[in-house]
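A short write-up of the structure that comes next.
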Amino acid sequence: MVSFALHGIGVSGGIAIGRAQLVSHATREVAHYTIPREQVHAEIARFDSAVRDVQRELEGLHSALTSGDVPGEFGAFLDVHWMILNDPTLSEAPKRIIAEQQCNAEWALARQMGVLVDQFDQIEDAYLRERKADVVQVAERVLKRLMGRPGTLPAPSAEEQTILVAHDLSPADVIQFKHHHFAAFLTDLGGVTSHTAIVARSLNVPAVVATHNARQLIRDGEMLIVDGTHHVVIVNPDRAVLAEYRLRQNEFDLARQKLKRLRSKRAETLDGEHVELQANIELPEDVGPALANGATGIGLFRSEFLFLNRQGLPGEDEQFEAYRKVAKGMQGKPVTIRTFDLGADKQPEEFDGLARVAPNPALGLRAVRFCLAEPRLFLTQLRAILRATHYGNVRILIPMLATVSEIDQTLALIARAKESLREQDIPFNADVEVGGMIEIPAAVLAIGAFLRKLDFLSIGTNDLIQYTLAVDRADEAVSHLYDPLHPAVLRLIGLAIGGATKAGVPIAVCGEMAGEIQLTRLFLGLGLREFSMHPSQLLGVKKRVLQTNVKTSMPLVERIRRADDPERLALLLAKLNA
């Protein structure tokens with residue numbers, strides 16, 4: 001057998017070694033045929049029956065959530081799939097296609113799915129564009145029923161580790177993945193913000209996504225090595241490679257066990273600098289993993305998740321309950337709730353009566369711009385957050401600020417929300433802290449005004465890099481240009497941290513860079529004392545903090561700040577981490 005390697009995106013670290021088990025991809029196997037007119041009603045009935053079967057499947061999977069070892073976010077994912085399944089665009093439109101074109105139900109569903117996917121492809125925001133995967137995953141389940149295939153995953157072999165190989169996996173699939181104890185999984189599709197990635201990190205199992213053609217190239221039963229840390233999959237490794245990776249696997253597992261000992265240890269450098277290590281979350285249920293990994297707070301609660309993939313917008317009470325759950329769960333530790341970063345996520349008709357999004361949402365009406373264009377929607381969220389401040393140490397974070405005017409308008413709306421709560425005698429913390437995200441180069445260069453008007457700042461490195469380099473990180477044609485270590489990016493981050501530190505205003509980094517261990521010492525040398533990252537990254541970063549002497553690192557950090565040659569910068573960074 002030929003040995004070869006596949007590269008993708010490692011969304012969950014670690015090494016798994018086992019045999020491949022392939023999952024069928026029904027949407028690639030759909031036939032198209034014409035049916036007699038007198039059979040149209042029967043075909044529609046067959047489609048309805050398949051939808052009902054999948055409804056029962058999802059109901060059954062919900063019962064699995066009673067098991068204590070299933071991460072809570074699965075419930076939200078299943079709710080999303082339930083809503084998609086029952087949305088008329090998926091449950092009714094195919095029936096019209098069957099009636100109008102006298103075609104088989106499989107082809108009608110696949111065609112309607114294609115229409116919906118094309119709509120999602122028009123969305124600029126990477127995170128929200130990847131939500132099209134949910135539509136595909138729900139359609140897949142219905143298609144499998146129509147084609148006479150089970151909706152559940154095959155059980156792995158008891159004799160050896162099994163690695164699941166699929167074109168894509170739904171959260172519902174991964175619940176079964178959890179119970180069957182697969183060693184790892186890899187998919188053709190996906191990205192760092194896909195549900196597959198989120199679930200993989202919560203399960204703490206190795207996973208590589210976006211391999212493009214793994215499902216076609218790998219055969220059932222072939223030996224695989226999945227290295228989620230280095231983003232590689234090795235197919236049919238020879239004895240020497242297999243022996244090397246078994247050793248690496250043992251070392252990795254041992255190191256991960258040792259990291260757990262650091263959970264309750266104070267994050268402090270060798271020269272006595274205290275560091276706050278907080279968690280980024282998307283769901284209230286993420287509080288458990290955050291605390292389990294020693295988070296000293298929630299540095300970023302992405303509240304827009306409450307608005308996604310649903311019919312209708314969440315009301316004030318629904319939002320309040322979610323925010324209160326997080327606030328109480330963190331037991332007095334700080335909880336920073338980012339107001340919703342929407343604008344590129346919905347088609348205009350879904351925002352009935354609301355501001356229309358721009359042709360290029362990444363540079364248009366999104367985040368705080370959208371909120372200020374729709375003050376009623378914004379006030380609803382602000383009231384919900386303010387109500388939650390009565391139940392914990394809650395702060396408000398405003399995304400994508402670029403001008404002083406946006407800050408003033410936001411503060412005025414917060415004051416208006418406070419007044420409305422006072423009129424109703426609803427308790428809240430009148431002294432709630434309000435911060436702003438530094439995601440636009442203009443905000444860094446005009447940071448003085450931000451420091452005078454806001455209580456704290458948080459650097460969103462994902463968008464800061466994208467806007468600084470004019471690179472869409474989700475666009476494969478230019479994604480190689482997305483460089484967190486570009487000298488311009490590092491200088492902007494250094495300016496922001498330096499300005500805030502000098503003014504005595506707390507500042508954090510909450511983008512993906514915060515969880516990169518090789519950047520921890522650099523950030524500490526730049527003056528950063530507050531990091532926020534995915535819970536699974538906390539202990540690794542804490543270990544690096546404990547091993548760092550900031551004073552002795554400063555000469556190398558200064559040389560990195562002045563470097564403008566990428567190769568020299570990389571060498572200096574390697575030396576800093578030696």
Side-chain angles (χ1 to χ4, degrees), residues 266-280 294-300 333-334 336 338 395 397 433 435-441 443-445 447-448 450-451 454-465 468 484-535 537-563 569 572-573 576-577:
R266 178 181 168 90
E268 190 172 274
T269 65
L270 294 172
D271 50 339
E273 294 286 347
H274 176 65
V275 180
E276 291 289 333
L277 298 180
Q278 301 187 351
N280 295 344
T296 58
I298 301 300
L300 178 64
K333 295 181 174 67
T336 303
R338 183 176 71 183
R395 310 191 302 176
L397 180 62
E433 292 187 343
M437 289 199 73
I438 303 298
E439 302 173 276
I440 299 173
V444 178
L445 299 176
I447 200 168
F450 288 64
L451 295 169
L454 296 168
D455 298 307
F456 65 96
L457 299 177
S458 187
I459 303 174
T461 54
N462 300 355
D463 272 336
L464 182 62
I465 297 166
T468 300
L485 296 179
H486 190 289
V489 172
L490 294 182
R491 286 174 189 173
L492 285 170
I493 292 173
L495 282 172
I497 295 172
T501 302
K502 185 176 180 181
V505 175
I507 188 168
V509 168
C510 64
E512 291 296 320
M513 291 177 73
E516 295 290 338
I517 295 174
Q518 66 267 31
L519 300 180
T520 301
R521 284 179 179 158
L522 174 60
F523 280 138
L524 290 172
L526 292 173
L528 187 70
R529 296 297 180 267
E530 187 174 325
F531 299 66
S532 189
M533 66 203 71
H534 190 277
Q537 299 170 315
L538 284 164
L539 294 178
V541 171
K542 180 183 282 190
K543 180 181 178 182
R544 183 56 56 94
V545 169
L546 295 170
Q547 296 171 334
T548 299
N549 186 308
V550 178
K551 291 178 182 177
T552 58
S553 298
M554 287 304 298
L556 269 176
V557 171
E558 286 302 316
R559 290 170 67 185
I560 291 172
R561 292 184 65 172
R562 294 193 299 268
L569 193 152
L572 290 171
L573 188 62
L576 180 66
N577 287 305

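For clarity, every value in this text was computed on a predicted model and none was experimentally measured.
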Could you walk me through whether Val505 and Leu454 pass the side chain to side chain contact (heavy atoms under 4.5 Å, CB included) check?
-> CA-CA 8 Å; Val505 175; Leu454 296 168; over 6 Å; no
State, yes or no, whether a side-chain contact exists between [X] and [Y] at a heavy-atom distance under 4.5 Å.
{"X": "Leu485", "Y": "Leu569", "value": "yes"}
{"X": "Leu397", "Y": "Phe456", "value": "yes"}
{"X": "Met437", "Y": "Arg338", "value": "yes"}
{"X": "Thr269", "Y": "His274", "value": "no"}
{"X": "Thr336", "Y": "Ile298", "value": "no"}
{"X": "Gln278", "Y": "Met533", "value": "no"}
{"X": "Arg544", "Y": "Asn577", "value": "yes"}
{"X": "Ile459", "Y": "Leu492", "value": "no"}

Just by distance, do the side chain of [X] and the backbone of [Y] share a donor-acceptor pair under 3.5 Å?
{"X": "Thr296", "Y": "Leu277", "result": "yes"}
{"X": "Thr552", "Y": "Asn549", "result": "yes"}
{"X": "Glu558", "Y": "Pro555", "result": "no"}
{"X": "Asp463", "Y": "Glu439", "result": "no"}

Smallest separation among heavy atoms of [X] and [Y], with atom names:
{"X": "Leu576", "Y": "Ser553", "result": "CD1-CB, 3.9 Å"}
{"X": "Leu526", "Y": "Ile493", "result": "CD1-CG2, 4.5 Å"}
{"X": "Glu512", "Y": "Thr461", "result": "N-OG1, 3.5 Å"}
{"X": "Ser458", "Y": "Cys510", "result": "OG-SG, 3.2 Å"}
{"X": "Val557", "Y": "Arg521", "result": "CG2-O, 4.1 Å"}
{"X": "Val509", "Y": "Ala514", "result": "O-CB, 3.4 Å"}

Take Asn462 and Ile465 through the side chain to side chain contact (heavy atoms under 4.5 Å, CB included) test and state the conclusion after the steps.
-> CA-CA 6 Å; Asn462 300 355; Ile465 297 166; 5.7 Å; no
Could you grab the distance from atom [atom1] of [X] to atom [atom2] of [Y], nearest 0.5 Å is fine?
{"X": "Ile497", "Y": "Ile438", "atom1": "CD1", "atom2": "CD1", "answer": "11.0 Å"}
{"X": "Leu528", "Y": "Glu273", "atom1": "CG", "atom2": "CD", "answer": "11.5 Å"}
{"X": "Leu572", "Y": "Arg561", "atom1": "CG", "atom2": "CZ", "answer": "14.0 Å"}
{"X": "Lys542", "Y": "Gln537", "atom1": "NZ", "atom2": "CD", "answer": "14.5 Å"}

Only one of Leu495, Leu573, Ile560 forms a side-chain contact (heavy atoms from CB on, under 4.5 Å) with Leu490, so which one is it?
-> Ile560
Could you walk me through whether Leu524 and Phe531 pass the side chain to side chain contact (heavy atoms under 4.5 Å, CB included) check?
-> CA-CA 10 Å; Leu524 290 172; Phe531 299 66; 3.9 Å; yes
Salt-bridge test for Arg529 and Glu276: reply yes if a basic N is under 4.0 Å from a carboxylate O, no otherwise.
-> no
